[in-house]
*Asks:* 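For reference, the structure I am asking about is given below.
Values below: every heavy atom of this structure, side chains too, minus hydrogens, waters and symmetry copies. Throughout, a chain's letter reflects where its sequence line sits, starting with A, and its residues are numbered from 1.
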Amino acid sequence: MPELPEVETVRRGLAPICIGQRVLRVIVRDARLRWPVPADLSTQLAEQTIQRLDRRGKYLLFQLERGTLLVHLGMTGKLRFFTTPPPPDKHDHLDLQLANGGLLRFTDPRRFGAVLYAVEAENHPLIAPLGLEPLDPAFTGAHLYRLTRNRRVPLKAFIMDAHQVVGVGNIYANEALFRAGIRPQLGAGKLSRPRAEKLVAAIKAVLTEAIAAGGSTLRDYVDGFGQPGWFQLQYFVYGRGGEACRVCGTPIRLSRTGGRATTWCPRCQK
DNA sequence: AGAACCACCTGGCAGC
DNA sequence: TGCTGCCAGGTGGTTC
């Protein structure tokens with residue numbers, strides 16, 4: 001579900017109400033997430049104050065005094081703040097009680113998400129191997145060009161690989177490739193230097209615009225306060241298989257690359 | 001090393 | 001109204 005824009009939207013919303021707050025306790029109702037929630041999480045977090053709320057790829061990083069709480073929303077995860085929380089529902093797996101009386105609630109029907117704790121997040125096995133942030137100035141056409149040399153995977157699969165570039169999931173990969181005018185199936189190693197520049201610019205643009213729109217809500221994404229995003233209204237190709245291209249009118253094609261639904265315009269993308 | 005699959009899990013929807 | 005099968009925003013692990 002959430003890609004970089006959605007996670008960033010959650011981060012921006014929650015940061016002001018979390019920073020400076022002390023964690024009173026953690027209530028784990030179901031520890032069976034993608035990896036088990038650490039049994040000693042409550043002990044680890046209790047009485048620590050949240051110093052910052054950062055994001056690395058699709059991970060939210062609550063920086064505490066002695067370590068970091070890592071939260072990944074998987075496909076269907078939500079992290080919401082309540083001043084007066086409703087009674088816990090079926091998929092409300094974890095609550096963080098804050099000293100200001102607020103409560104952060106992690107909800108995730110599919111349980112593909114994760115809640116973990118690390119003393120040094122940058123060295124955590126899930127964080128350390130991550131690629132560049134796409135909105136980092138260091139993520140350039142030259143960088144992408146270098147990374148893709150001799151790679152045979154479809155370009156779309158390549159830009160969705162978090163070990164190359166973080167944060168680009170299925171929606172924004174499709175949208176960025178459309179904007180760059182590049183076929184998703186193109187072998188990554190065949191990407192020319194000028195087209196690498198174009199693709200990097202498209203990725204940055206689509207992510208920036210999506211953040212400005214509060215992310216995309218297809219089914220169940222909401223931000224930290226239960227509000228949906230609106231970027232889905234600006235899609236050119238995602239979820240539009242069979243419909244007319246918004247630029248040239250040609251029917252949008254739908255196929256699969258790397259097992260994921262791929263949509264593109266056969267006329268606009270070469 | 002890299003690429004192609006599978007797995008994890010629930011819910012919603014189309015089709016019968 | 002069921003039931004079945006398929007699909008979904010992610011990504012680590014296994015296999016070749």
Side-chain angles (χ1 to χ4, degrees), chain A residues 1-10 29-37 55-60 70-79 89-94 106-116 124-131 134 146-177 184-190 203 206-207 210-211 213-223 228-235 237-242 254-263:
Chain A
M1 152 222 198
E3 303 184 29
L4 186 149
E6 291 74 34
V7 179
E8 178 62 17
T9 300
V10 172
R29 290 185 205 84
D30 194 342
R32 300 171 306 158
L33 301 183
R34 170 131 202 203
W35 294 279
V37 177
R55 179 188 56 73
R56 179 75 177 96
K58 298 172 190 168
Y59 289 89
L60 286 166
L70 287 68
V71 177
H72 195 293
L73 301 178
M75 292 273 268
T76 51
K78 295 184 178 83
L79 189 64
D89 207 347
K90 188 173 174 186
H91 302 297
D92 295 339
H93 305 313
L94 184 142
F106 178 83
T107 307
D108 186 6
R110 287 177 79 176
R111 290 190 273 116
F112 283 1
V115 178
L116 298 164
H124 190 279
L126 293 171
I127 303 293
L130 294 177
R146 219 177 306 121
L147 284 180
T148 48
R149 291 312 84 192
N150 301 317
R151 297 295 304 265
R152 303 175 110 88
V153 280
L155 185 57
K156 176 172 174 252
F158 186 89
I159 61 173
M160 289 176 66
D161 180 354
H163 300 120
Q164 310 299 336
V165 199
V166 297
V168 182
N170 202 29
I171 294 173
Y172 300 109
N174 280 306
E175 292 298 315
L177 285 162
Q185 303 83 354
L186 180 75
K190 299 266 175 77
I203 290 171
V206 76
L207 295 177
I211 292 169
S216 298
T217 296
L218 299 182
R219 172 174 291 125
D220 46 22
Y221 164 75
V222 288
D223 71 9
W230 299 100
F231 190 71
Q232 67 278 8
L233 301 176
Q234 297 179 52
Y235 291 168
V237 288
Y238 182 84
R240 301 195 63 245
L254 168 62
S255 64
R256 300 207 149 248
T257 49
R260 310 296 301 274
T262 299
T263 43

*Asks:* Between atom CZ in A:R260 and atom C1' in C:dC6, what is the gap in whole Å?
*Replies:* 15 Å

*Asks:* Do any N or O atoms from the side chain of A:D89 and from the backbone of A:H91 form a donor-acceptor pair under 3.5 angstrom?
*Replies:* no

*Asks:* When the distance from CG of A:D220 to C1' of B:dT10 is rounded to whole Å, what number comes out?
*Replies:* 10 Å

*Asks:* If each of A:P109 and A:N150 is mapped to the nucleotide of DNA chain B with the nearest heavy atom, which maps nearer the 5' terminus, i.e. the 5' end?
*Replies:* A:N150

*Asks:* Look through every strand shown and name the nucleotide pairing with C:dG2 as Watson-Crick or G-U wobble, where both distances are under 3.5 Å.
*Replies:* B:dC16

*Asks:* Hey, which of A:K156, A:R256, A:Q185 is the one that makes side-chain hydrogen bond (donor to acceptor under 3.5 Å, both in side chains) with A:T262?
*Replies:* A:K156

*Asks:* Which whole-number value in Å describes the distance from A:R110 CZ to C:dC7 C1'?
*Replies:* 9 Å

*Asks:* Any side-chain to backbone donor/acceptor pair from A:Q164 onto A:L147? Under 3.5 Å, distance only.
*Replies:* no

*Asks:* If we take the C1' atom in both C:dG9 and B:dA4, what is their distance in whole Å?
*Replies:* 22 Å

*Asks:* Looking at C:dT11, I'd like to know if its phosphate oxygens (OP1 or OP2) sit under 4.0 Å from a side-chain N or O belonging to A:H163.
*Replies:* no

*Asks:* Let me spell it out: for each of A:R151 and A:R219, pick the nucleotide of DNA chain B with the closest heavy atom. Which residue's pick is nearer the 5' end?
*Replies:* A:R151

*Asks:* Would you say A:K90 places a side-chain N or O within less than 4.0 Å of OP1 or OP2 belonging to B:dG11?
*Replies:* yes

*Asks:* Ring-plane angle category for A:H72 and A:Y59, please: parallel below 30°, perpendicular beyond 60°, tilted otherwise.
*Replies:* perpendicular

*Asks:* Ignoring hydrogens and angles, state whether a donor on the side chain of A:Y235 or A:S216 is under 3.5 Å from an acceptor on the partner side chain.
*Replies:* yes

*Asks:* Heavy atoms under 4.0 Å, any strand shown: does A:Y172 hit a base, just sugar-phosphate, or nothing?
*Replies:* nothing

*Asks:* So, OP1 or OP2 of B:dT10: does either fall under 4.0 Å of a side-chain N or O from A:H91?
*Replies:* no

*Asks:* Given atom CG of A:L116 and atom P of C:dG12, what is their separation to the nearest angstrom?
*Replies:* 12 Å

*Asks:* For A:F112 and C:dG9, give me the distance from atom CZ to atom P, rounded to whole Å.
*Replies:* 11 Å

*Asks:* Determine which nucleotide pairs with B:dA7, using a 3.5 Å limit on both distances of a Watson-Crick or G-U wobble pair.
*Replies:* C:dT11

*Asks:* Expressed as a whole number of Å, how far does the P atom of C:dG12 sit from that of B:dG11?
*Replies:* 24 Å

*Asks:* Remember a base hit wins even if backbone is also touched, and classify A:A261 as base, sugar-phosphate or nothing at under 4.0 Å, heavy atoms.
*Replies:* sugar-phosphate

*Asks:* Any N or O donor-acceptor pair linking the side chain of A:R34 to the base of C:dT11 at under 3.5 Å?
*Replies:* yes

*Asks:* Begin from the C-alpha positions of A:V237 and A:E175 and carry the test side chain to side chain contact (heavy atoms under 4.5 Å, CB included) through to its verdict.
*Replies:* CA-CA 6 Å; A:V237 288; A:E175 292 298 315; 3.5 Å; yes

*Asks:* Starting the side chain at C-beta, find the nucleotide from C:dG9, B:dC9, B:dA4 nearest to A:R111.
*Replies:* B:dC9

*Asks:* Output the rounded distance in Å from CG (A:D30) to C1' (B:dT10).
*Replies:* 12 Å

*Asks:* What's A:R256 touching, base or sugar-phosphate or nothing? Going by heavy atoms closer than 4.0 Å.
*Replies:* sugar-phosphate

*Asks:* C:dG9 P sits how many Å from A:L73 CG, rounded?
*Replies:* 16 Å

*Asks:* Rounded to whole angstroms, how far apart are CG on A:L33 and P on B:dC8?
*Replies:* 16 Å

*Asks:* Considering every strand and a 4.0 Å limit on heavy-atom distances, what is the contact class for A:R152: base, sugar-phosphate, or nothing?
*Replies:* sugar-phosphate

